[in-house]
J.: 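This is the structure, below, for whatever I ask next.
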Protein chains: 2
Amino acid sequence: MTVLEWDPYDRNCPSRQVLDRVGDRWTVLVVGALAAGPMRFSELAERVDGVSQKMLTQTLRNLERDGLVTRTMYAQIPPRVEYELTDSGTTLQLPMKALEDWTKEHMRGIMAARYEYDLHKAELPKP
Amino acid sequence: MTVLEWDPYDRNCPSRQVLDRVGDRWTVLVVGALAAGPMRFSELAERVDGVSQKMLTQTLRNLERDGLVTRTMYAQIPPRVEYELTDSGTTLQLPMKALEDWTKEHMRGIMAARYEYDLHKAELPKP
DNA sequence: CCGAATCCCCTCTGATACTG
DNA sequence: CAGTATCAGAGGGGATTCGG
């Protein structure tokens, strides 16, 4: 299966829309969390520290829309809803994890570089 | 070298700040473009279709600040500025490329899933 | 328990115009 | 050529409230 005819560097390429979603703040973390297996809403909210319920809902809806996550409602009281990665969503784990691992490894270096940069920046007074 | 003491799922983890940057709209594309080798501003602007010069500048500044890209100015007229991935920036290529490849492969499926989803969504009239 | 809906701030972004 | 400055609009995202 060829993918050569698409170029992400072209602004009209659909991959731009996909990249926008995949690259957003919460998607990485939610997919990473779901890698551990099916999870209910409240579990996700707890695991992904700092996400508002609005953003979590939104992120999950988008993932569901993109066919990367399934949403299963159990008709009971109190309600219970489970989210699970689809096959397609599972394949996303690999690049996501690569990104997460890279981040973990380079975090310190980056924070240090920022500190240095900001330091030298401060040394340059305005004309 | 251990990385175990950090947890991206904790809202105070510095990796959150790193993920925010890495995951933004243009960084993926700029890093991908620079993978081909050093490039000047105008070349980048041309390659990364659709980026405004403001966003390109901003993206490059951030990458420079994070120590992922070097900026070399040649004192001549007209001015010439070249950007190049640092060693650290080069290592970022791997996860970025993984993401780009995944995107290319799943783009069609995702666009189709969205279409389906939106279709069924439209079938549900308001109460 | 799992959301939808609303209000509101404020950041991010893109156009446009101006310098070295 | 490679930026900086400025402004206005769109939308991301939090807090809160209400419904099934």
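Chain naming here is simple, since letters A, B, ... match the order of the sequence lines and numbering starts at 1 in each.
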J.: Could you tell me which residues satisfy side-chain contact (heavy atoms from CB on, under 4.5 Å) with A/Ala33, sequence neighbours excluded, listed by chain and number?
T.: A/Leu44, A/Arg47, A/Val48, B/Tyr9

J.: Using a cut-off of strictly less than 4.0 Å, decide whether B/Arg80 has a side-chain nitrogen or oxygen near OP1 or OP2 of D/dA2.
T.: no

J.: Please identify each residue that fulfils side-chain contact (heavy atoms from CB on, under 4.5 Å) with A/Lys97, with sequence neighbours left out.
T.: A/Asp101

J.: Run the side chain to side chain donor-acceptor pair (under 3.5 Å) test against A/Arg16 and tell me which residues pass, sequence neighbours left out.
T.: none

J.: To the nearest 10°, give me the bend of the helix from C/dC1-D/dG20 to C/dG20-D/dC1, comparing the axes of its five terminal pairs at either end.
T.: 40°

J.: If a pair satisfies salt bridge (Lys or Arg N to Asp or Glu O under 4.0 Å) and one of its residues is in residues 72-81 of chain B, list it, with sequence neighbours excluded.
T.: B/Arg80-B/Glu82

J.: Find out whether A/Thr103 and B/Ser15 are in side-chain contact, i.e. whether some heavy atom of one side chain is under 4.5 Å from a heavy atom of the other.
T.: yes

J.: Residues in side chain to side chain donor-acceptor pair (under 3.5 Å) with A/Asp49, at least two apart?
T.: B/Arg11

J.: Are any of A/Thr57's side-chain N or O atoms less than 4.0 Å away from OP1 or OP2 of C/dC2?
T.: no

J.: Walk along nucleotides 8-20 of chain C from 5' to 3' and tag each nucleotide B, S or - by protein heavy-atom contact under 4.0 Å, base first, then sugar-phosphate.
T.: -----BBBBB--B

J.: Counting only pairs under 3.5 Å, give me each side-chain donor-acceptor contact of residues 22-29 of chain A, with atom names and distances, residues two or more places apart or in other chains.
T.:
| residue | atom | partner | partner atom | Å |
| --- | --- | --- | --- | --- |
| A/Asp24 | OD1 | A/Trp26 | N | 2.8 |
| A/Asp24 | OD1 | A/Thr27 | N | 3.2 |
| A/Asp24 | OD1 | A/Thr27 | OG1 | 3.4 |
| A/Asp24 | OD2 | A/Thr27 | OG1 | 2.8 |
| A/Arg25 | NH1 | B/Asp20 | OD1 | 3.3 |
| A/Arg25 | NH1 | B/Asp20 | OD2 | 2.6 |
| A/Thr27 | OG1 | A/Arg21 | O | 3.3 |

J.: Under 3.5 Å, which donor-acceptor pairs do the side chains of residues 71-78 of chain B form with other protein atoms, sequence neighbours left out?
T.:
| residue | atom | partner | partner atom | Å |
| --- | --- | --- | --- | --- |
| B/Arg71 | NE | B/Tyr83 | OH | 3.3 |

J.: Counting only side-chain N and O atoms of B/Arg71, is one of them less than 4.0 Å from OP1 or OP2 of D/dA2?
T.: no

